[in-house]
Amino acid sequence: MSSVRTVESCGEVMSRWWRGRAAKKTLISAAVAAVVLYVVGDVFSTLLYGGYSYLDQAISELSAFGSPVRPLMVTVILTHNVLLLAFGVGVLRVARPRSALWWIGAMQVVEFVLVGIPTHTFWAMSSRDMATGFNDTMHITLSMVFSILVLAMMALSAVAYRGWFRFYSYATMAVVVGFGMASSFAIRGIEQNDTPWAGGFERINAYAYFAWLVVLAVMVIHHELRTPRKGGEVGGSRPKVPIPA
């Protein structure tokens, strides 16, 4: 009987933790871990891939079929996406239903299912020394879907949080679109093995998005998970003072 009570009490502790502020903060903070993991994976994979150019080759070439570092980079990307799924769940838990912030969380979950899993696994691109196929077409298509979802989330974040963050989100959208287009033009010479700055442009695009993710996570924690003060609601609203008759 005592063992049963112990198991039940552990379950209750975990249930309370899951419902509490700490669990929500942990889920939202997973976005920061996702960004750090991806950047570290990008750098290490580049160093391990002999002959790979950080500035002239796309990030997707690290996880491409035929890449010597494919197992490492695919593991990094999948773990990165699982962490972003946790972030999306955390956002859904703190946001008001159907609000702009809630839709960001929902899109993050959709992105994990539609794009996060298949883009670099089933539909990874082919290495430069391989013939292209349907996997390359699907990789490009899913990458476009990912870009649309990212821009939609950035636009929604500008609605959710006004002030300086709104301008920051718009500026990030401009950077992502601009350098995304530059990267697309640069990669067109891949069949001739001539893609100057394709990797550099794409990394500016990707890292700007990563920076926005980190700032968004901080904003969500700051605005949605502020510690309640005595006598007030979340955010420390002042208690009502009775008016003398």
Side-chain angles (χ1 to χ4, degrees), residues 28-46 52-63 73 76-77 80-81 83-85 87-88 91 100-101 103-108 110-112 114-116 119-120 125 139-190 195-223:
I28 295 167
S29 299
V32 180
V35 168
V36 172
L37 175 66
Y38 197 106
V39 173
V40 171
D42 182 25
V43 172
F44 270 94
S45 296
T46 299
Y52 178 89
S53 173
Y54 192 80
L55 291 179
D56 297 335
Q57 290 185 253
I59 300 174
S60 294
E61 294 187 62
L62 295 172
S63 60
M73 198 59 188
V76 167
I77 291 174
H80 163 86
N81 281 297
L83 290 169
L84 288 184
L85 173 63
F87 168 69
V91 170
L101 186 61
W103 281 110
I104 292 174
M107 286 186 178
Q108 193 66 71
V110 169
E111 185 273 330
F112 174 78
L114 293 183
V115 182
T119 304
H120 296 273
M125 69 177 290
H139 184 82
I140 294 171
T141 302
L142 291 176
S143 296
M144 292 175 62
V145 172
F146 172 74
S147 298
I148 293 171
L149 287 172
V150 166
L151 291 174
M153 287 189 284
M154 288 181 179
L156 286 167
S157 73
V159 174
Y161 299 115
R162 301 179 181 179
W164 67 268
F165 184 79
R166 171 171 291 181
F167 294 105
Y168 170 70
S169 296
Y170 289 150
T172 304
M173 290 175 69
V175 171
V176 167
V177 171
F179 283 95
M181 292 176 63
S183 176
S184 297
F185 280 113
I187 203 68
R188 289 189 302 176
I190 192 169
T195 56
W197 280 96
F201 292 148
E202 185 184 20
R203 283 176 170 85
I204 294 173
N205 167 288
Y207 287 11
Y209 159 62
F210 290 156
W212 169 82
L213 264 178
V214 171
V215 177
L216 175 62
V218 172
M219 290 291 290
V220 173
I221 291 172
H222 176 71
H223 286 276

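Screening residues 145-157 for side chain to side chain donor-acceptor pair (under 3.5 Å) gives S157-S169, S157-W212 as the qualifying pairs, with residues at least two apart or on separate chains. Annotation: side chain to side chain donor-acceptor pair (under 3.5 Å) contacts involving residues 30-46, sequence neighbours excluded, comprise D42-R203, D42-Y207.
Within the 4.5 Å cutoff, no side-chain heavy atoms of L55 are placed close to those of E202. Looking at heavy atoms from C-beta onward, L151 lies in side-chain contact with V176 at the 4.5 angstrom threshold. Within the 4.5 Å cutoff, the side chain of L216 has heavy atoms near those of the I104 side chain. Taking 4.5 Å as the limit, some side-chain heavy atom of I59 sits within range of a side-chain heavy atom of M73. In this structure the side chain of V220 reaches within 4.5 angstrom of the side chain of Y161, judged on heavy atoms. By the 4.5 Å heavy-atom criterion applied to side chains, V175 and Y209 are not counted as neighbours. Between F87 and L213 the shortest side-chain heavy-atom distance falls below 4.5 Å.
Separating the OH atom in Y54 from the CG atom in L62 is a distance of 9.5 Å, to the nearest 0.5 Å. Separation of atoms CD1 (I204) and CZ (F179) is listed at 4.0 Å; rounding is to 0.5 Å. Taken from CD in E111 to CD1 in I148, the straight-line distance is 12.5 Å, to the nearest 0.5 Å. Within the model, atoms CG of D56 and CD1 of I190 stand 12.0 Å from one another, a figure rounded to the nearest 0.5 Å. Taking OG of S60 as the start and CD1 of I187 as the end, the distance is 8.5 Å to the nearest 0.5 Å.
For A182, the side chain to side chain contact (heavy atoms under 4.5 Å, CB included) partners at least two apart in sequence or on another chain are F201.
Minimum interatomic distance between S183 and A198 (heavy atoms only, all atoms of both residues): OG-O, 3.4 Å. Of all heavy-atom pairs spanning H120 and S63, the tightest one is ND1-OG, 2.7 Å. Here the shortest heavy-atom pairing between A160 and L101 reads CB-N, 4.2 Å. The two atoms that bring I221 and S29 nearest to each other are CD1-OG, 3.5 Å, heavy atoms only.
The aromatic rings of F165 and Y168 sit tilted relative to each other, their planes meeting at an angle between 30° and 60°.
With Y170 contributing its side chain and A158 its backbone, the two residues share no donor-acceptor pair below 3.5 Å.
Side-chain contact, H139 with T119: no donor N or O sits under 3.5 Å from an acceptor N or O.
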